[in-house]
Structures are given as C-alpha cells and as structure tokens.
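In what follows, a single structure is set out as structure tokens and then discussed.
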Amino acid sequence: MLSVSLAANLSAQPVVTGTIAGTITDPDGHAVPRILVQAANVATKVVYRATASARGEYSIPQLPAGTYQLTTPVLTPGFRLFVRDDLQITPGQTVKLDIRLEEGIALNTLGDGRDFFAARAALARPAPPTGVAPRMQDGRPDFSGYWAADGASSDLGVPEFEDWAVALSRKRLADDLKDLPQARCLPTGIVYYVTNGTAQRVVQTPGLLVMFSESQLPRQIFLDGRSHPSDPNPTWWGHSVGRWEGDTLVVDSIGFNDKTWLDLNGHPHSEMLRIVERYRRPDLGHLELDITVEDSGALKKPWIIKRTYNLDPKEDIMESVCTENEKDAQHVFSK
C-alpha cells in the first residue's frame, strides 16, 4: 500500500524542467553531425551539453526553468560560432531551435571549403601504437614524438569572458576574422594551439623540452630548475618553466604580449595571461594534457581545458614558410 501511494505521489509531481532540441545544418542545408551544443543558465552559470547525432539532431533535456545562452562553440575554419542569447525555458516546455551554421573563415573556398574539411575529418589515422611509455635516462617520462589531436578526445571547457572580451570576439567574427594572427603570418599562441587541435612534435632533453608546429616559432620549456624572470619582456610565446610532480610535467608560463588569440572565435587575452599545463604519458601511444588558463583582465574565472593526443610515428612537421609567395593578405577585408 505504501509503494502504491508513493508511486502516485511521484507521478503527481509537477514538471520543473524543459528541453531545447532541433537540428544543425550547414549553409547549404545539409546535416552537420557530432557538433557540440551547450546551454548555459544565465543566472546559475551551470552549463548543459549535448552532441548532435549523425543526422545533425540534438536535444538538451532536464533544463531548469530560466534564461539560457545557447552556443555551438565550433572551433574549425569550416563554420562560425553560433550564439543565441536570452532563450527562455519554462517548465514542461520543449523549445524547438534549428541551427543553420554560417560560413567560417574559409568561406567554402574551392580547395579549402567544407568538402576539404569533411574529407580530412574522415581520413582514417592509424591507431596509436600500444606499449609502455618510454623514459629518459634519469627515469622521467619521455614525451618526444609527433602528437596529433585528430581522432583523440577533448573537453574544451566553458570559458567565462569579461564583457569587453566577448564584444571583441563578436566583432572579429563579424569581420570574418580578418585580423587572425595566423592569416597574417604571425604566431597563434599556446591556448589557440590547444583549442584548435594543432599537431606538434616534441623533442625532450633532460634540461629542455621543445615543441614544433608547422609555420610557427619553436616553443622552449626550460626543465633545468630556473625561475621566471622578475620582469619578463612580453613575447608571443611567453616564458615557460617546467617541474616534475611524479610522472606529471607541470609547465608554468607567463610573460605574454596581448597579440595572440585564445581560439578561432577571436577571444582575446591581456598581458596578465598565465597558463599552467599538466602533461602525462600514460602509455606509448597517448599524451594527456590538462591546461588551466588564468587572466584577470579577460576571464572571469580560470578556464580548464582537457585534451588527449595520439602518437603518430609516421608523421612529421613539414617546412612551412608563411610569407613565401604569400598573395592572400591584400585580399583580406571585413564586411
């Protein structure tokens, strides 16, 4: 009798949550699969996520009543960030919101458009090798190798930017990212590398770790016990020092200029930027990275990013000189 009464009471409970659902398509109306969609409650800052199906369908259920910002934080040259502000959710309501993504920085240019990015995404990379992670002569893990983000996992987190940084990001997106440092043969920055999934080659010695990426300056991480300069000269890559916590390499970086972007959506940072990276190599074929981005000038709170890279022993960094035969900059313009 008690169980029957309890069931009756549960069934009588009012519905207090709602749902956002719809489909995601490209500018031509074709379904876009596996796109992340997230709804952030404006009052509580709690973020709810879903990933579009193979048919581009998404659903974010169990949303407490309130006002939400819905975004698709697309970090690919193929599409532009989608943002819908002031989305009202009431109890028991399902809000139907179909998303048609806009052209990204590539503008679907022949040879560099959506077909190219779809083909690249579909290109099967070899499975990472299996085995025990190698070690240096001093017993520390050896992170050397070519590390690719394609096919690996990532959690790009949910950054909370100051209002001025949000406004600048939207202006840059409206201007078709015409001032993207990479498009002007300038360094792109550490956080941009991580959010954009850039492949890197790592070369490690007992006192120095160096990272290489195509068309970029090499990055130095000092492992010889030195400290940061007391008053570092602001640079594109900043000043990076590493220390070991067991088998985890903790890299602390400061001393940045404010010229790089944090992602392909044009989010800026200030010279107060500080980056702490934690690298682990659990086995031969995988490199794990947890990165904390702090910037009291541009971020309301630390931004946490997690990414896994796969070892690809058959790949290497190609020589790429951005300014060689460069003919694009003169044609870059805003709307």
Side-chain angles (χ1 to χ4, degrees), residues 20 22-40 47 49-53 55-58 60 68-87 97-121 149-150 154-184 186 188-189 191-198 260-269 298 303 305 328-329 331-335:
I20 304 174
T23 58
I24 305 177
T25 57
D26 66 18
D28 296 326
H30 301 131
V32 180
R34 295 179 294 279
I35 289 288
L36 175 68
V37 187
Q38 57 190 35
V47 176
R49 297 186 179 94
T51 301
S53 69
R55 295 188 297 179
E57 299 171 341
Y58 77 93
I60 309 178
Y68 287 81
Q69 180 191 68
L70 187 79
T71 59
T72 58
V74 180
L75 294 170
T76 167
F79 300 112
R80 187 176 296 184
L81 171 75
F82 174 87
V83 179
R84 174 65 60 86
D85 293 313
D86 298 326
L87 197 59
L97 180 61
D98 293 330
I99 299 171
R100 174 163 288 196
L101 298 175
E102 297 183 11
E103 301 285 6
I105 187 175
L107 297 178
N108 207 29
T109 307
L110 182 63
D112 197 28
R114 290 191 295 278
D115 290 343
F116 168 78
F117 292 109
R120 188 176 71 172
D150 292 346
S154 66
D155 180 356
L156 301 183
V158 185
E160 291 186 29
F161 288 96
E162 297 288 352
D163 291 345
W164 74 268
V166 173
L168 183 53
S169 168
R170 296 193 180 186
K171 181 181 184 302
R172 286 170 169 173
L173 288 167
D175 285 342
D176 289 332
L177 305 179
K178 69 179 182 66
D179 294 322
L180 178 69
Q182 186 178 9
R184 298 178 181 276
L186 296 172
T188 54
V191 181
Y192 181 95
Y193 267 25
V194 177
T195 57
N196 204 37
T198 303
T260 63
W261 294 9
L262 296 179
D263 55 27
L264 197 54
N265 295 321
H267 285 109
H269 63 83
W303 176 13
I305 305 169
D328 292 334
H331 301 293
V332 176
F333 59 89
S334 62
K335 290 184 177 180

Which atom names give the shortest non-hydrogen contact between [X] and [Y], and what distance separates them?
| X | Y | result |
| --- | --- | --- |
| P268 | R172 | CB-NH1, 3.7 Å |
| I20 | A39 | CD1-CB, 4.3 Å |
| Y58 | L97 | OH-O, 2.7 Å |
| A298 | W164 | CB-CZ2, 3.8 Å |
| F82 | L101 | CB-CD2, 4.1 Å |

Candidate pair Q38 and L70, rule side-chain contact (heavy atoms from CB on, under 4.5 Å), full reasoning: CA-CA 6 Å; Q38 57 190 35; L70 187 79; over 6 Å; no
Is there a donor-acceptor pair closer than 3.5 Å between any side-chain N or O of [X] and the backbone N or O of [Y]?
| X | Y | answer |
| --- | --- | --- |
| D26 | D28 | yes |
| S154 | L156 | no |
| T188 | Y192 | no |
| S169 | N265 | yes |
| D263 | H267 | yes |

Are [X] and [Y] packed together at the side-chain level, in the sense that at least one heavy-atom pair is separated by less than 4.5 angstrom?
| X | Y | value |
| --- | --- | --- |
| I99 | T72 | yes |
| W303 | T195 | yes |
| Y68 | I60 | no |
| L177 | L264 | yes |
| T25 | H30 | no |

D179 vs R184, test: salt bridge (charged side-chain N to carboxylate O under 4.0 Å, His left out). Steps then yes/no. CA-CA 7 Å; D179 294 322; R184 298 178 181 276; 3.4 Å; yes
More than 12 heavy atoms of other residues, nucleotides or ligands under 6.0 Å from CZ of R49: is that the case? yes
Crowding at CZ, R55 (>12 non-hydrogen neighbours, <6.0 Å): no
With a 3.5 Å cut-off and no angle check, do the side chains of H269 and T260 form a donor-acceptor pair? yes
We want to know whether D98 and T23 form a side-chain donor-acceptor pair, criterion being a heavy-atom distance below 3.5 angstrom. yes
Would you call R170 and D85 a salt bridge, using N to O less than 4.0 angstrom? yes
Begin with the C-alpha distance, continue with both residues' side-chain angles, and end with the deciding distance and a verdict on salt bridge (charged side-chain N to carboxylate O under 4.0 Å, His left out) for D176 and R80. CA-CA 9 Å; D176 289 332; R80 187 176 296 184; 2.3 Å; yes
Interatomic spacing from CG in L36 to CD1 in I24 - rounded to 0.5 Å: 8.5 Å
